[in-house]
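Here the structure is laid out as structure tokens; the discussion comes afterwards.
In listed order, ligands and their atoms are each counted from 1. Everything numeric here is computed off the predicted structure, so don't read it as measured data.
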Amino acid sequence: MIFVSNRQDMFKILPKVDNLLNSNKIIDLLKDIPRNVVVNTIRETIEGLRKDILSNNIELQQLKNMVNNIEDIISNKAQNKMEIKFKRVINATGTIIHTNLGRSLIDKEIMEYVVDVVTNYSNLEYNLLEGSRGLRYDHIEGIITRITGAEAALVVNNNAAAVMLVLNTMAKDKEVIVSRGELVEIGGSFRVPDVMEQSGAKLIDVGTTNKTHLKDYTNGIGEETGALLKVHTSNYRILGFTKSVSIEELVKIGEKFEIPVIEDIGSGVLVDLEKYGIEHEPTVKESIESGIDIVTFSGDKLLGGPQAGIIVGKKKYIDKMKKNPLTRALRVDKFTIATLELILRLYLDEEKAIKKIPTLKMLTMSIEEVSLKANILSNKIIDKLTGKINVKIVDGFSQVGGGALPLEKIPTKLIELVSNDLTASEIERRLRKESIPVVVRVFKDKIYIDLRTVKEDEFDIIVYELERVLSNHHIKGF
Ligand SMILES: *Cc1c(COP(=O)(O)O)cnc(C)c1O
């Protein structure tokens, strides 16, 4: 218990803002950091100490130590405020479409073109042939329909927005029939029942978790039915005693009852991955060929583009969506349109798409190539850090991620690191705090670097940061 008189003494040793502003360390700090940021940081720090005293959270000796170091504390806090928070990281986890680490990467050459478009004026909503107002969507509709075989297309902010716009346009105040086995939740709180509710459509779930038959859909159809919805169970599989209704069968019922059929296909695969030794994932083209009315998918999953939700299908429905006021609220910006157009153009030549789109390149990279990369990096680490860390190349598996192909295990090569001095979780933590953070896998007190998701130009950064991490250089201030 701290007595009031003691508290008064403690308040007395708190420094004054003006005095701190005249101290040498803070004057130095002011050369790099705007005055208002420094002043606010000083006020916050002193105020924090004042509150600690009031709530008996600090003892006299502790307070004295803090006050003795207060310029350094303030300096660290102020520098932290100036740091750019959103930055590149090195993904050594082997999860290719890592939602927490930014999903798909965009090739640098494509971004150079995008830089040219966005640092200059552009024809974003201007028709250069007619000299009149144009639509931003016009630039990419043609390329999307060419690649997918659909009549029409529209692009919005992400696939969640696409599903919401589609349901709101086609089935507001009506019933939408979905199989119980397809009431998907995707990480980051996309849940089919919730999106449905937001769109104004009423969910009618039919069948059971493991089995849904054709008759479940037909029995569910009534006066109020607005659409039949199929959702791709992208991030899970129901195995064993199961039955689901194919898109072709659903399209037949839709035609018979004159009810539109919608599919949320999730990832938006545009090439047949089976050719590259990966489990078959339904392609957008296959769905369109079934005669379905509308398909929606993400731009930044297996398509390998920017965040976007792409809607393709029958023109009469897409035209209605274009007129829906929600479309304005969900519209994509010029960065997305520029990036997406270039990525989609790569798909005109499938070989080029596989080579130029990092997501597809990493996915289809041969084990020989991954192995070669593992050798190069492990030699570099041994060269610089011999005696400080044990290095071994081992077999492992990479994952697709992004809620796609959840069962697919892609053979890969991992570099296994073990230190005599530091635990794996301590090394993991320190690597995460480096200026270009490296995100690694930790398993049974060993560090693993999966070479499938690490680029060659990142090798030297990893070696340099490992050197720092293992020699304690990384420890900054408090
Ligand atoms: C990923 C996914 C979504 C959400 O897509 P976002 O582009 O992340 O909004 C919706 N439905 C399915 C089936 C998905 O796989």
**OP:** Provide the full list of salt bridge (Lys or Arg N to Asp or Glu O under 4.0 Å) pairs with a residue in residues 146-169, sequence neighbours left out, each pair given once.
**Re:**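 Qualifying pairs, neighbours excluded: none.
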Subject >> Within residues 405-417 or reaching into it, pairs that qualify as salt bridge (Lys or Arg N to Asp or Glu O under 4.0 Å) - sequence neighbours excluded >> reply: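 Residue pairs passing salt bridge (Lys or Arg N to Asp or Glu O under 4.0 Å), neighbours aside: Lys392-Glu416, Asp395-Lys413.
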Subject >> Shortest protein contact, atom 2 (C) of ligand 1 (heavy atom only) >> reply: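 The closest one turns out to be Lys301 NZ, 2.5 Å.
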**OP:** Note the single closest protein heavy atom to atom 10 (C) of ligand 1, along with its residue, its atom name and the distance in Å.
**Re:**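 Protein heavy atom with the smallest distance to atom 10 (C) of ligand 1: Asn159 ND2, 3.2 Å.
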Against heavy atoms of [X], which atoms of ligand 1 measure under 4.0 Å?
X	answer
Phe190	10 (C), 11 (N)
Arg103	6 (P), 7 (O), 8 (O)
His232	13 (C)

Can you tell whether the side chains of [X] and [Y] come within less than 4.0 Å, N to carboxylate O?
X	Y	value
Arg345	Glu341	yes
Arg88	Glu458	yes
Arg432	Glu428	yes

Original post:
What do the steps show when you test Arg430 against Glu426 for salt bridge (Lys or Arg N to Asp or Glu O under 4.0 Å), and what is the final call?
Top reply: CA-CA 6 Å; Arg430 292 186 184 185; Glu426 179 58 20; 2.6 Å; yes
Original post:
Is the shortest distance from a heavy atom of Asp264 to ligand 1 less than 4.0 Å?
Top reply: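 Asp264: in contact with ligand 1 (<4.0 Å).
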Subject >> Per atom 13 (C) of ligand 1, closest listed option by heavy atom (Ser298, Ala160, Ser234) >> reply: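 Selected option, by shortest heavy-atom distance: Ser234.
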